[in-house]
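Heads up, the thing below is written out as C-alpha cells.
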Amino acid sequence: MTLSPELFTILMFAGLLAGLLLGHPLAFVLGGLAVLFAAIGPGIQAFGIVINRVWGLADSYVMVAIPIFVFMARLLSDSGITDRLFHTLRLLFGPIPGGLNFAVIIISVLLAATTGMVGASLAVMGVLALPAMMAYGYRKETSTGAIAAGGSLGILIPPSIMLVVMGGYASLSVGKLFAAALIPGLLLAVCYALYAGILCWIRPEYGPPVSPEERAQTSTGRLLLMLLKEVAPTMLLILGVLGSIFAGIATVTEAASIGALIALLIIIAYGRFNLRMLKVAVLETGVTTAMVMFVAIGATAFTGIFVAGGGMGVVQSFFNDLEIGRWGTFALLMFAVFIAGMFLDWLGVILICFPIFLPIAATLGFDKLWFVMMIAICLQTSFLTPPVGYALFYLKGVAPPGITTMHIYRGVVPFVLIILGVIGLCAVFPGIVTWLPGRIG
Amino acid sequence: QTTMQMTTTWTSGINLIEGDKKFVEIANKLTGDDLKIQFFEGNTLVPSTQVFDAVQSNTISASADWPGYWAGKDSAFGLLGSYPMLFTAADYILWTQQWGGFDAFQEAYGKFGMVYLPYAVVSMESGLRAKSPIPTLDDMNGKRIRMSGRAQGEILKRLGAAQTQIAGGEVYQALERGVVDAAEFSGPGVDFGMGLQEVTQYWMTPGWHQPGSMTGVMINKDFWDKLPKDVQEKLKIAADATLTWSLGYFEHDAVAAVRKFKKSGTEVVQLPDADVARLQEISNQALVEEACANPLFAKIAASQVTFMADYAEWRGMAGEFAMGRNLKTLPDVDKLKSCAG
Amino acid sequence: MSAVPRAGPAAGGGSVLKMADRLNTAVALVAVWLVPVMVAVTIMDVALRLLAGRATLWAFDATVQLYAAHFLLLGGYTLMRSGGHVGVDILREHAGPRLGLVMDLLGWLVFFFPFALVMVLWSWDFMLKSWAIYETSPGVAALPVYPIKTLFFAGTVLLLIQGLAEFIRCIGQGLARIGGALIR
Ligand code: NA
Ligand code: NA
C-alpha cells in the first residue's frame, strides 16, 4: 500500500504498453499485470478478485451466444457456402470497384441488428468475408478496416448489450436508448460505405472490379439463378435469426442456436455435409471462442485490480477539478472516453466514466439521453483503437495468414476518424440522436 | 486507521444501493478516524453474483447483498432475504430485533466465516408485469415467467409455470419481445426506472413472491474480529439507524413510482382473495418440504413461524391498528393545510 | 496466428513436451463437442416451449454450464495451437534472434506464469469451497455447480502445463535461431 493510487494507475497502463510491445499474448499480459499489480497494490488477497471475475464470465447467460454464433459462421465457411456467396456478390456488384466492401457493411448491419455483441459479428465477418476479399486482391487495410468497423456496429445498433447495461447504470429507458442509437448507427454504416466506395472509386486497385470479360462469362439470367442459390440460404439464415428474436420466439442465445441449426440444414440440403467438415468446424469454433474468452478473462482481471487499486478514484478526482466551459468540458469528456477506450473494454469505460461524467453533464445542462448516446457512439472507437481494441484482436484471431497487426492498425484509422466526425455531427445536430426517441413518446 | 473495502450487489441504477450508501455514510461518521469504509458500487470490483465468495475468502472485507441470492449455497438464505407469502418489512424488523432473527443471520452467514448486519427493509415488491393480464392463478399455467428465487421457482412449478432467471439487464427486452410472458424485477421505483411501463400494460398485485425483504452487509469474520469492540458497536448502531431510515425511504419512493405507473397507463390487476389463500397453502407446503431437507432451513423457518404464531394473538387484537393500515376515510387534508397557514 | 512462429502440434521437442500436447489435444477433442450439445439443448427447449407449451426447468442453467466448461477447458489447447493467444507483433517481428528471445522470455516469466500460477492456486480454493457445501445453481433447477468449478480448476492446470511446454520450446527455438545466426 506504499504506492499512491496515481502512480499505481500510471504504472498499470505503462505496464500494459510494455507488455504488448514485447509481443506477448494480450490475454496473459492483461492477466499478468492484474496479478503483479494486485500484489504490489491492494495486496495478494485481491487475487481472489481475479478468480471471482473470471468465474463471473463463465457464469453468464449473455455470453453463451458467442460460441454458438461462431459455430454457425464456421459451419457456413468450412462447408464452402460462403466462398460461393462472396463469389456471387462480387459478380453482382461487378463493375463497381470495392463492391465487396458494400456487401461487408450491409451484412454487418444485418448481423448488428441480430446480435447485441461485437465478438460474434466480428468473428462471423472475419471468417466469412476476409478470405474472399484476400482472394480477389482487395487492399488488406481497407478490407480489415471495413470488417472491424462494420462488425463493431453490433454493439451500437439495437439490440445491444451495451445499451441495456447503460440504461441500467444511467436510469434511462432501454427502449429510448435503442431508438436513439438507430439513426447514428445507420449513419455510421452509410459513412463507412461511402468512404470505402469513394476510396475504391479513386483507386480501383484497392478493390479490383470484375473485368467486363469475366462478367460477360456469366449471363444475367445465370447470375440471378446464382443469387437465388447462393445468397438465398444466407438471407434465410439471417431472417431466421432476426425473425426468431423479433417475433419473441427466442432470446439471443436461442436465436443463435436456431441459426446454427439452419446453417446445418442448409449444408445438408446443398449436399456439403460430411463428418470431417463438421469435426473441423467444431474444433475451430473451440479455438476461436477460447481466444475471444481468454482476452475477456485478461481484461476483466485487469479492470478489477485497476478499480481495487484506487484507479477509479484517480480518474474521478481529475475530472472534478476542471473548469473549461460547457463545450470545452464536453470535448474533454469525449476525449477521455476515447482514451479510456484505447485501454479498456466498453464495460470498463462505463463503470469508470458514468459515475463521474453523468453528474458533470447534468450540471452543464446536457440532455442525459443525448449525452449517454454520445458516449455510446464514442465507445465504437474503443473496439478499433490500439493497444486494446477487441475488433482488432478478434479479427487478428480469425484472419488468414498474411494479415499482420499493422495492416489492421492502419486499416482502422480512417474509420475511427469517421466516428469522431459523426460525434461532431451529432453535437451540432442533436436531432440525429433525439428525434426518434422523441417520436416514441 | 483501518480501511474496510465494501462493495454491493447493486449497480448505481438500482435504488436499493441507496440503503448501502446510507449505511456507509452513517458508519463513516460514527467511526471517525478508527475505520474508513471505502465503498465500491456493484460490478466494479467483482461481478454482483460473486460478492459472497469474495467476502468469504476475505478478497473484499465486506459486501452489501440480498441474502436470497445465496440459496444455492444454503437454501436457508432464501428465508433471510425474503420468502413468498411470509414476512412483511415490519415482520423482518420485529423478528430481527426481538425474536432471535439477528442470531439467525449470524448462524447462516457464520457457517461461511462471515458476520451479518441487517440494515434495510423493503416492503412488498411490485409483482408480475405483462403485456396481457394474468387475472387468476389458473392463468399462470403454461406461462414462462421471469422471477428470481428458488422457493419462488418451486411455487411457479406447482402452478404449472416455468421459472426463468434471465439477468436484470435483459428483462426489458425479454418482455418487449415476448420471450417471457411475464416478469417481476423489483419494487415500483426500480421497475419504473428500467422503463418496464413501456413494454407492459398490466401489473398483477400483490407481489406475493416477495412480500417484504431484508438486506444488509456481510463482513468477513477475521476482519470483523480484528476491529476494536467500540468500532463493532458503532457499525451495529449504524445498521440500526439505517434500518428505520430504509423503511421510510423505500415506501416514499414506491408511492411516487406507483403514481408514475398509473400516469403512463399501466392497469393494476388484483389477484382474487381465494387465489392468495391458495398461494399461502402452496407456499406453506413448500416451506415444510424444504425444511425437512435442510436442518438449518428448518431451524430458521421454525424461528420465523414461531414469531408469526407468537405475534398472531396481539396482532389479531390490534387488527387494522397493527403495523400499517389504510384509513377508509381521511380527515380533510386541504382544511388542515389551510389552518396551518 | 502470431507472426513469429512458435510451437505448433508438429513443432517437436522432447517426449515430455509431446505429452503436454497430447493431453491438451485429448481434452480439446472432447470439450469442443459441447457447443453442438448446447445447440441441441437450446433447440429442444425452444421446441418444447413452442410445440408443447412447456419449457424445461433446467435448459437455461445447463446451457450456461456447458458454455463455461467449453471455453474453460480449451485454454491449453488454444495456447498450443497458436503458440499463445492473440498478441501484438509490431515490435517483435523486427527484433533479432537475441533480443527476440529475451522479449519472449520476459513475456512468459513476467506475465504468463504469475497469472497462470495464481489461477491454478486460487481456483483450487474456489473449487474446494463449492464442494464443501455441494453448491447448486440458485434457481429451482438447482443444478450442481461444483463439477463446473472443478473443470475451472482443471482448465487452469491444463493451461499451466501447456504454458510450461511452450516456454521450453520457446527457449529451444530461440537458442536455435541464435545459433543459426552465428553460423551464417
Ligand atoms: Na446490435
Ligand atoms: Na481500444
Side-chain angles (χ1 to χ4, degrees), chain A residues 1 42 45-57 59-62 116 158-161 163-178 244-252 254 300 303-308 310 312-313 347-348 350-352 354-355 358 440-441, chain B residues 3 5 7 10-15 38 40-61 63 72 131 144 164-181 185 189-190 192-199 220 222-223 264-265:
Chain A
M1 276 291 185
Q45 84 280 358
F47 288 164
I49 290 178
V50 174
I51 295 296
N52 282 317
R53 288 181 76 101
V54 173
W55 181 254
L57 278 181
D59 191 23
S60 160
Y61 180 70
V62 180
S160 151
I161 306 287
L163 294 181
V164 169
V165 170
M166 284 182 157
Y169 279 100
S171 300
L172 279 171
S173 139
V174 178
K176 287 206 169 158
L177 275 172
F178 279 9
S244 56
I245 292 177
F246 280 99
I249 295 169
T251 62
V252 174
E254 289 164 351
T300 196
T303 310
I305 300 302
F306 172 76
V307 172
M312 206 162 143
L347 187 58
I350 291 174
L351 290 175
I352 293 169
F354 267 38
L358 292 187
I440 64 164
Chain B
T3 301
Q5 287 200 327
T7 187
W10 319 115
T11 55
S12 55
I14 304 217
N15 73 350
Q38 191 187 6
F40 296 88
E41 288 177 358
N43 268 343
T44 53
L45 270 187
V46 294
S48 291
T49 52
Q50 296 299 304
V51 296
F52 189 96
D53 291 22
V55 175
Q56 186 188 0
S57 55
N58 210 6
T59 297
I60 306 170
S61 318
S63 176
K131 281 192 163 160
R144 193 186 194 207
T164 169
Q165 303 202 81
I166 48 173
E170 274 197 292
V171 172
Y172 181 97
Q173 249 171 286
L175 277 169
E176 182 187 31
R177 300 273 169 76
V179 171
V180 294
D181 299 302
F185 181 63
V190 177
F192 193 87
M194 274 186 102
L196 297 189
Q197 69 283 0
E198 295 164 10
V199 286
N220 183 279
D222 292 336
F223 183 87
S264 70

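Everything numeric in this text was worked out from a predicted model, so none of it was measured. So you know, we letter chains A, B, ... as the sequences are listed, proteins then strands, and number each from 1.
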Spell out, as yes or no, whether a donor-acceptor pair under 3.5 Å connects the side chain of A/Arg53 to the backbone of B/Pro47. no
Heavy-atom pair of closest approach, residues B/Arg144 and A/Glu254: NH2-OE2, 3.3 Å
Quick one: [atom1] on [X] to [atom2] on [Y], what's the gap to the nearest 0.5 Å?
X: B/Thr7; Y: A/Ile49; atom1: OG1; atom2: CD1; answer: 9.0 Å
X: A/Gln45; Y: B/Ile60; atom1: CD; atom2: CD1; answer: 10.0 Å
X: B/Leu45; Y: A/Thr303; atom1: CG; atom2: OG1; answer: 11.5 Å

Go through the structure and list residues passing ring pair (Phe, Tyr, Trp, His ring centres under 6.0 Å) with B/Phe52, not counting sequence neighbours. B/Trp70, B/Phe77, B/Phe112
Checking A/Asn52 now: which residues fulfil side chain to side chain contact (heavy atoms under 4.5 Å, CB included) with it, not counting sequence neighbours? B/Val46, B/Gln50, B/Asp53, B/Ala54, B/Thr59, C/Phe126
